[in-house]
*Asks:* 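First, the structure itself, so that you have it in front of you.
Note that the numbering runs from 1 along the sequence shown for the chain.
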Amino acid sequence: MSRSKLWTRKRESSISERSPVRCAGRCGSVTVVPSKQLREPMLAAKKLYDPYPVGVAEQEALADWMADGGYDRYMKRLRRSYGRLESMLRQRLEADLPGLFRIAPSDAGLHLYAIWLRDSESYGEFKRECRLRGVAWKDGTGYDAHSGSSSTAGAPAALFGFSHLEEREIEEGISVMREAAETIREG
């Protein structure tokens, strides 16, 4: 069999073959396309099944960082930072707004779930007053952190997010909430 016959057969059978290639210490692969007419359909197919090509250098850098303990250090730093913010928010809500919220216990998360201890009407008024003063939170009424507890079922509740805040902003926000609470108590 002549060399050109072997080459033709090899090219015909290599449409879907992927050959491992080593380049500068990185593994990759090459797809051999037998003709120019198949180049565009093959590229379209690759875009369909692999729309986001892997950044090999980025993956190696991330793997090295994780292997060197970078990720663990990063997570410890985040836990300390978020733990400090969560503790501060919890303490300030309990100290500065007594009798308004009962904060549900939580082992994790970036929100505090707090049940409003008064009636729905006063919760709506308090929330409006705070919003007018520039402080807002997500309504937590539908979340019911104490599932199965009939005493809190359907009670107004708040989800206080804190991960985006600095300690100073928590202080300012609690002060605004205290002012708003005083207006609804007086009214």
*Asks:* Decide yes or no on side-chain contact (heavy atoms from CB on, under 4.5 Å) for Arg133 and Thr183, but give the supporting numbers first.
*Replies:* CA-CA 12 Å; Arg133 291 173 162 81; Thr183 64; 3.5 Å; yes

*Asks:* Hey, are Gln91 and Ser87 close enough side-chain-wise for a donor-acceptor pair under 3.5 Å?
*Replies:* yes

*Asks:* Measure the CE-OG distance between Met42 and Ser35 for me, rounded to the nearest 0.5 Å.
*Replies:* 10.0 Å

*Asks:* Calculate, to the nearest 0.5 Å, the distance between atoms CG and CG belonging to Leu38 and Leu43 respectively.
*Replies:* 11.0 Å

*Asks:* Does Glu121 offer a backbone N or O that forms a donor-acceptor pair with the side chain of Asp119 under 3.5 Å?
*Replies:* yes

*Asks:* Mind listing the closest non-hydrogen atom pair of Arg118 and Gly99 along with its distance?
*Replies:* NE-O, 4.2 Å

*Asks:* Flag the pair Phe160 / Phe101 as yes when their ring centroid distance falls below 6.0 Å, and as no otherwise.
*Replies:* yes

*Asks:* Are Leu132 and Ile184 connected in a single hydrophobic cluster, I mean Ile/Leu/Val/Met/Phe/Trp/Tyr linked by side-chain heavy atoms less than 4.5 Å apart?
*Replies:* no

*Asks:* Check Leu97 against Arg178 and note the closest heavy-atom contact, atom names and distance.
*Replies:* CD2-CA, 3.7 Å

*Asks:* Can you sort out the partners of Ser120 under side chain to side chain donor-acceptor pair (under 3.5 Å), two or more places apart, ordered by chain and number?
*Replies:* none

*Asks:* Looking at every heavy atom in both Leu85 and Leu165, which two are closest together, and how far apart are they?
*Replies:* CD1-O, 3.4 Å

*Asks:* Could you go through the side-chain contact (heavy atoms from CB on, under 4.5 Å) check for Tyr113 and Ser106 one step at a time?
*Replies:* CA-CA 8 Å; Tyr113 177 83; Ser106 173; over 6 Å; no

*Asks:* Enter the distance from Asp96:CG to Ser175:OG here, rounded to the nearest 0.5 Å.
*Replies:* 7.0 Å

*Asks:* Tell me the closest heavy-atom pair linking Glu167 and Met88, and the distance in Å.
*Replies:* O-CE, 3.3 Å

*Asks:* Calculate, to the nearest 0.5 Å, the distance between atoms CE and OH belonging to Met66 and Tyr74 respectively.
*Replies:* 12.0 Å

*Asks:* Under the criterion side-chain contact (heavy atoms from CB on, under 4.5 Å), I'd like the reasoning laid out for Leu93 against Ile174: C-alpha separation, chi angles, the key distance, then a yes or no.
*Replies:* CA-CA 7 Å; Leu93 282 169; Ile174 295 292; 3.6 Å; yes

*Asks:* Check whether any side-chain N or O of Tyr123 sits under 3.5 Å from a backbone N or O of Ala157 as a donor-acceptor pair, and report yes or no.
*Replies:* yes

*Asks:* From Leu112 CG over to Ile103 CD1, what is the distance, rounded to the nearest 0.5 angstrom?
*Replies:* 5.5 Å

*Asks:* If you measure from NZ on Lys127 to CE on Met177, what distance do you get to the nearest 0.5 Å?
*Replies:* 11.0 Å

*Asks:* Do Trp116 and Thr141 have side-chain atoms, one donor and one acceptor, less than 3.5 Å apart?
*Replies:* no

*Asks:* Taking the six-membered ring for Trp, are the ring centroids of Phe126 and Trp137 within less than 6.0 Å of each other?
*Replies:* yes

*Asks:* Who are the salt bridge (Lys or Arg N to Asp or Glu O under 4.0 Å) partners of Glu169, not counting sequence neighbours?
*Replies:* none

*Asks:* Would a distance-only check, ignoring hydrogens and angles, find a side-chain to backbone donor-acceptor pair under 3.5 Å from Arg73 to Asp68?
*Replies:* yes

*Asks:* I would like to know whether Glu86 and Leu110 meet side-chain contact (heavy atoms from CB on, under 4.5 Å); could you show each step before the answer?
*Replies:* CA-CA 8 Å; Glu86 185 266 343; Leu110 299 176; over 6 Å; no

